[in-house]
Amino acid sequence: MTKKDIHVVPRKDGWAVIKEGNQRAGSIHRTQAEALIQGRDQAKRDKVELVTHGRDGRIRDSDSYGNDPNPPKDKVP
């Protein structure tokens, strides 16, 4: 099974939540905050990454909700 990250991207009519590889949005929201809530829930369910894009379309942030290939190292006191 191929990993299909979830992307929150800007659109003319708001913000879309799109599963990687799909042409159509899974959902469209009025605000980015609303789209992030939906995207985060879906990313957690699918155990994938949530990739957030800014208004310019460039990647602004990403959060992993699955098997992270580069997990943060534990801090040693």
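Quick note: numbers below take in every heavy atom, side chains included, and nothing from hydrogens, waters or symmetry partners.
Here the NE2-OG distance, from H7 to S62, works out to 9.5 Å after rounding to the nearest 0.5 Å. Here CZ of R30 is found 12.5 Å from CG of D13. Values are rounded to the nearest 0.5 Å.
Two residues are said to be in side-chain contact when any heavy atoms from C-beta on lie closer than 4.5 Å; L36 and T52 meet this criterion. V48 places none of its side-chain heavy atoms less than 4.5 Å from the side chain of K19.
The main-chain N or O of Q38 is never found under 3.5 Å from a side-chain atom of Q42 such that the two would form a donor-acceptor pair. Side-chain atoms of N22 do not come within 3.5 Å of backbone N or O of R24 as any donor-acceptor pair. Although no hydrogens or angles enter the test, the distance criterion places a donor-acceptor pair under 3.5 Å between the side chain of D5 and the main chain of E49.
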### Query
Would V9 and I18 satisfy side-chain contact (heavy atoms from CB on, under 4.5 Å), going step by step from the backbone distance to the final call?
CA-CA 8 Å; V9 298; I18 302 175; 3.7 Å; yes
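Side-chain atoms of H29 and S27 form a donor-acceptor pair, as typed in the model, at a separation below 3.5 Å. If you check the side chains of Y65 and R40, you find a donor sitting under 3.5 Å from an acceptor.
Nearest approach of R11 to A25, heavy atoms of both residues: NH1-CB, 4.0 Å. Between Q32 and W15, the closest heavy-atom pair is N-CD1, 3.1 Å.
One hydrophobic cluster, built from ILVMFWY side chains closer than 4.5 Å, holds both V17 and L50.
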